[in-house]
Amino acid sequence: MTTIVQSIGLKGLEGYKVKVEVQVMPGKESVCIVGLPDACVKESKERVVGALYSLDCEFPDKKVIVNLSPAEQRKNSPIFDLAMAIGMMKEVNYFQDKIPDDAAFLGALSLDGTIKPVEGMLPAVLAAKKEKVKRLYLPVIPDLPLTRIEGIDLYFVHSLAELLQTLSGQLSIPLQTEPQVSPSNLAIKQTPYI
């Protein structure tokens, strides 16, 4: 069985949909990330495994392969950490809830399971809208210049534990009530996280 979770990759300020495919198979215990990951993405396996350990989600003595598709695009950000973690937890049956087909997951992970923003969050959010993602799970970003976009629901989550509660329906994260912003009228400003 293969678990597929959606995320967003960036090439400059342009974004594209990334399928994070996770498969657990017999073999020596290891995590292998393929799909043209750079050093930052390769390090994701240590962050993700550490974050999952903090939730008492342990892997059996098997091989875990994470494929980032499309394979021909270089992946160069820890923005995929959250999608990898969700895929790995689902693949080992750590949670039973369905991963929504119309959802994408963005954010880097701390070893304690906290979800952190990375550079390029605003272009990634706008790319998710363009790619027709309907639900976007992302870290709390204090200086994000928008909290609502027409046609996509933004769910700001603090940690992996909170995200799992949200997916199971145990926790309802209220959507922000500020006026909706049209992405076509939004100028992208550069800040440390955006």
Side-chain angles (χ1 to χ4, degrees), residues 2-10 15-24 31 33-35 37-38 40-57 59 64-69 73 75-92 94-95 97-129 131 133-142 144 147 152-168 170-171 173 175 193-194:
T2 300
T3 299
I4 299 175
V5 183
Q6 294 187 94
S7 190
I8 298 293
L10 290 173
Y16 58 96
K17 191 181 290 185
V18 173
K19 284 186 180 178
V20 178
E21 301 172 312
V22 181
Q23 189 173 82
V24 176
V31 176
I33 302 173
V34 297
D38 70 358
C40 182
V41 179
K42 287 179 183 176
E43 290 175 352
S44 290
K45 63 183 173 184
E46 308 301 336
R47 290 189 299 273
V48 171
V49 169
L52 298 187
Y53 180 78
S54 74
L55 291 176
D56 293 325
C57 175
F59 284 89
V64 179
I65 296 179
V66 179
N67 179 42
L68 304 177
S69 175
Q73 285 278 13
K75 319 303 184 305
N76 55 10
S77 170
I79 200 167
F80 309 113
D81 285 8
L82 185 56
M84 288 185 204
I86 291 297
M88 291 166 77
M89 287 189 291
K90 184 66 174 176
E91 189 68 5
V92 298
Y94 182 75
F95 68 96
D97 305 292
K98 186 178 186 302
I99 300 169
D101 294 332
D102 60 357
F105 300 81
L106 307 177
L109 288 173
S110 295
L111 297 181
D112 65 357
T114 303
I115 304 168
K116 300 288 187 184
V118 299
E119 288 185 19
M121 291 301 293
L122 179 56
V125 169
L126 298 177
K129 160 70 175 172
E131 293 286 346
V133 170
K134 297 299 180 190
R135 302 183 219 184
L136 188 62
Y137 295 87
L138 65 164
V140 175
I141 311 169
L144 190 70
T147 53
I152 184 171
D153 292 332
L154 305 178
Y155 296 90
F156 297 96
V157 287
H158 293 89
S159 66
L160 272 178
E162 186 176 285
L163 175 57
L164 291 177
Q165 289 178 315
T166 303
L167 290 175
S168 70
Q170 296 175 25
L171 179 65
I173 298 178
L175 297 177
Y193 293 125
I194 298 173

(Q) How close do Pro100 and Tyr137 get, counting heavy atoms only, and between which atoms? (A) CG-OH, 4.5 Å
**Q.** Pairwise side-chain contact, Tyr53 with Leu111, heavy-atom cut-off 4.5 Å (strictly under)
**A.** no
Q) Between Tyr155 and Pro139, is there a donor-acceptor pair closer than 3.5 Å when you use the side chain of the first and the backbone of the second? A) no
Q. Side chain to side chain contact (heavy atoms under 4.5 Å, CB included) with Glu43: which residues, sequence neighbours excluded?
A. Arg47
Q. When rounded to the nearest 0.5 angstrom, what distance separates CG in Leu122 from CD in Glu119?
A. 13.0 Å
Q) Closest approach of Ala124 and Leu106, non-hydrogen atoms and distance? A) CB-CD1, 3.9 Å
Q.
With side chain to side chain contact (heavy atoms under 4.5 Å, CB included) as the criterion, how do Val5 and Val22 come out once you've worked through the C-alpha distance, each side chain's angles and the decisive distance to 0.1 Å?
A. CA-CA 8 Å; Val5 183; Val22 181; 5.8 Å; no
**Q.** For the student: nearest non-hydrogen atoms of Glu131 and Tyr16, plus distance
**A.** OE2-CA, 3.9 Å
Q: Would you kindly say whether Asp81 and Ser44 are connected by a side-chain donor-acceptor distance under 3.5 Å?
A: yes
Q: Taking all non-hydrogen atoms of both residues into account, name the closest pair between Cys40 and Ser77 and its distance.
A: SG-C, 4.2 Å
**Q.** Straight-line distance of Asn67 CG to Gln23 CD, nearest 0.5 Å
**A.** 10.0 Å
Q. Side chains of Ile86 and Leu163: closer than 4.5 Å at any heavy-atom pair?
A. yes
Q) When rounded to the nearest 0.5 angstrom, what distance separates NE2 in His158 from NZ in Lys116? A) 9.5 Å
(Q) I want to check a possible cation-pi pair here: Lys90 against Phe95, using under 6.0 Å from ring centre and within 45° of the ring axis as the test. (A) yes
Q | N/O donor-acceptor pair under 3.5 Å between Ser7 side chain and Ala83 backbone | A | no
Q. Got a second to check how far Leu167's CG is from Asp97's CG, nearest 0.5 Å?
A. 6.5 Å
Q: Evaluate the side chain to side chain contact (heavy atoms under 4.5 Å, CB included) criterion for residues Val133 and Ile152: first the C-alpha distance (whole Å), next the side-chain angles of each, then the deciding distance (0.1 Å), finally the verdict.
A: CA-CA 7 Å; Val133 170; Ile152 184 171; 4.2 Å; yes
Q: Begin from the C-alpha positions of Val20 and Ile4 and carry the test side chain to side chain contact (heavy atoms under 4.5 Å, CB included) through to its verdict.
A: CA-CA 6 Å; Val20 178; Ile4 299 175; over 6 Å; no
(Q) Among Thr114, Leu160, Leu52, exactly one meets side chain to side chain contact (heavy atoms under 4.5 Å, CB included) together with Leu109. Which residue is that? (A) Leu160
(Q) So, taking the atom named CD1 in Ile33 and the one named NZ in Lys45, what distance separates them when rounded to the nearest 0.5 Å? (A) 6.5 Å
Q) What are the two closest heavy atoms between Gly120 and Leu10, and how far apart are they? A) O-CD1, 3.3 Å
Q: I would like to know whether Val34 and Leu68 meet side chain to side chain contact (heavy atoms under 4.5 Å, CB included); could you show each step before the answer?
A: CA-CA 6 Å; Val34 297; Leu68 304 177; over 6 Å; no
(Q) Would you say Gln6 and Lys17 are linked by a side-chain donor-acceptor pair, where the criterion is simply a distance under 3.5 Å? (A) yes
Q) Of all residues at least two apart in sequence or in a different chain, which pass the side chain to side chain contact (heavy atoms under 4.5 Å, CB included) check with Val49? A) Val31, Met88
(Q) Can you confirm whether the side chains of Glu21 and Thr2 place a donor and an acceptor under 3.5 Å from each other? (A) no
**Q.** Stepwise salt bridge (charged side-chain N to carboxylate O under 4.0 Å, His left out) check, Arg135 with Asp153
**A.** CA-CA 5 Å; Arg135 302 183 219 184; Asp153 292 332; over 6 Å; no
Q | Check: Phe80 and Ile8 side chains under 4.5 Å, non-hydrogen atoms | A | no
Q. Which pair of non-hydrogen atoms, one from Gly113 and one from Ser54, has the smallest distance, and what is that distance?
A. N-OG, 3.9 Å
